[in-house]
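Within every chain, numbering begins at 1; the chains are lettered A, B, ... in the order of the sequence lines, protein sequences first and strands thereafter.
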Protein chains: 2
Amino acid sequence: MDRIAYLKSLQQRKQSASFDHFLSMVNKVGNCPVRITNHVIGGKWKPVIFNLIVHDVNRFGEIFRIVEGLSKKVLTTQLKELEADGLIVRKVYDVLPQKVEYELTEKGRSFIPVIQEMCNWAIQNFQIAEQSSPK
Amino acid sequence: MDRIAYLKSLQQRKQSASFDHFLSMVNKVGNCPVRITNHVIGGKWKPVIFNLIVHDVNRFGEIFRIVEGLSKKVLTTQLKELEADGLIVRKVYDVLPQKVEYELTEKGRSFIPVIQEMCNWAIQNFQIAEQSSPK
DNA sequence: CAGCATCCCTGGCGATACTG
DNA sequence: CAGTATCGCCAGGGATGCTG
């Protein structure tokens, strides 16, 4: 019995709704999209970086100075990934000394409520180590 | 100038709301909770597994048969992590052959809307490789 | 059926030093 | 100021075989 047949027999045993819906849920919710979201924000420092840019702390040096434990190399790569995923844009000013700012795109702004949900759920369901001041 | 002082000066330059709010956002949203959520669902197969259990496909062998590419070892560990994080419970039936079922906890159910949001955002913002049938 | 034991390998991350 | 360039670690995951 192949996978599809097995899924069908399962769905009947489980008496779920329509098989198409069942299959769609198994594939879509399970497989691709959540993993995309996870990848987009899943870097170790990406939530911090993203959130700083949301609050207009949007220059390389600013972020680097504030987030301790974050190396320049990692900051570079995570910024590049956020840019590649279309959440932020890199604005280069042609002045000396060099000046670069990062800004949210439309897609980036659309992600704010999602990250807020993720944040709220964790706060409500786990004991967060309250660090009233950054160490 | 230390981090706090630097943050304060930044917040003034940025003319954000109150400093406490600013700091809280930087720490909370940025740091802990989102990373917790990411860790909870961040395993390579966790979304699939979680979603299957949501749809009452809740036995080790069922999940193993449906999700191709998933090894028993990995399935074991990810189930254990989901259990350790309190999203699912392991119900052992004392019969032969052995029978084990996994079920959502209250916390697990509370996570469903969050994962749905993550899913929807990805669908709306990325081209998902539509796989109408599982390969 | 529902796992555990073992070995291996890659990618994300960290530390440090250098540059246009 | 805003990055590159190297080197190196190690946890998450894959492959395969064994067990109560």
Out of curiosity, B/Ile123 CD1 to B/Gln116 CD, how far, rounded to the nearest 0.5 Å?
8.0 Å
Considering only Ile, Leu, Val, Met, Phe, Trp and Tyr, and joining two whenever side-chain heavy atoms are under 4.5 Å apart, list the other residues clustered with B/Val95.
B/Tyr93
When the distance from CG of A/Asn58 to C1' of D/dC1 is rounded to whole Å, what number comes out?
14 Å
Take atom CD1 of B/Ile49 and atom P of D/dG13, then tell me their distance rounded to the nearest Å.
10 Å
At less than 4.0 Å, is any side-chain N or O atom of A/Arg59 found next to OP1 or OP2 of D/dA2? Yes or no.
yes
Should side-chain heavy atoms under 4.5 Å link Ile, Leu, Val, Met, Phe, Trp and Tyr, which residues sit in the same cluster as A/Leu96?
none
Check every strand shown and say whether B/Tyr102 touches a base, only sugar-phosphate, or nothing at a heavy-atom separation below 4.0 Å.
sugar-phosphate
To the nearest 0.5 Å, what is the distance between OG1 (A/Thr105) and CD1 (A/Ile88)?
8.5 Å
Contacts satisfying ring pair (Phe, Tyr, Trp, His ring centres under 6.0 Å) that involve residues 97-117 of chain B (not counting sequence neighbours) are A/Trp121-B/Phe111, B/Phe50-B/Phe111
Rounded interatomic separation in angstrom, taking CG from A/Leu70 and P from C/dT16
15 Å
Return the value, rounded to whole Å, for the distance between atom CG of A/Leu96 and atom C1' of D/dA2.
12 Å
What integer distance in Å separates A/Gln98:CD from C/dT19:P?
16 Å
To the nearest angstrom, how far is B/Asn38 atom CG from D/dG12 atom C1'?
15 Å
Categorize B/Lys72 for me: base, sugar-phosphate, or nothing, with a 4.0 angstrom heavy-atom threshold over every strand shown.
base
Could you give all pairs that pass the salt bridge (Lys or Arg N to Asp or Glu O under 4.0 Å) test and reach residues 102-117 of chain B, with sequence neighbours left out?
B/Lys91-B/Glu103, B/Glu106-B/Arg109
Please list residues of residues 73-80 of chain A whose heavy atoms come under 4.0 Å from any atom in DNA chain D, ordered by number; otherwise none.
A/Lys73, A/Thr76, A/Lys80
What is the distance from CZ of A/Phe64 to P of C/dA15, rounded to the nearest Å?
11 Å
side-chain hydrogen bond (donor to acceptor under 3.5 Å, both in side chains) partners of residues 70-86 of chain B, not counting sequence neighbours, each pair once
B/Lys46-B/Glu81
Of all the nucleotides listed (C/dA2, D/dA2, D/dC1), which has the minimum atom distance to the side chain of A/Pro97?
D/dC1
Nucleotide C/dG12, atom C1' - distance to CH2 of A/Trp45 in whole Å:
13 Å
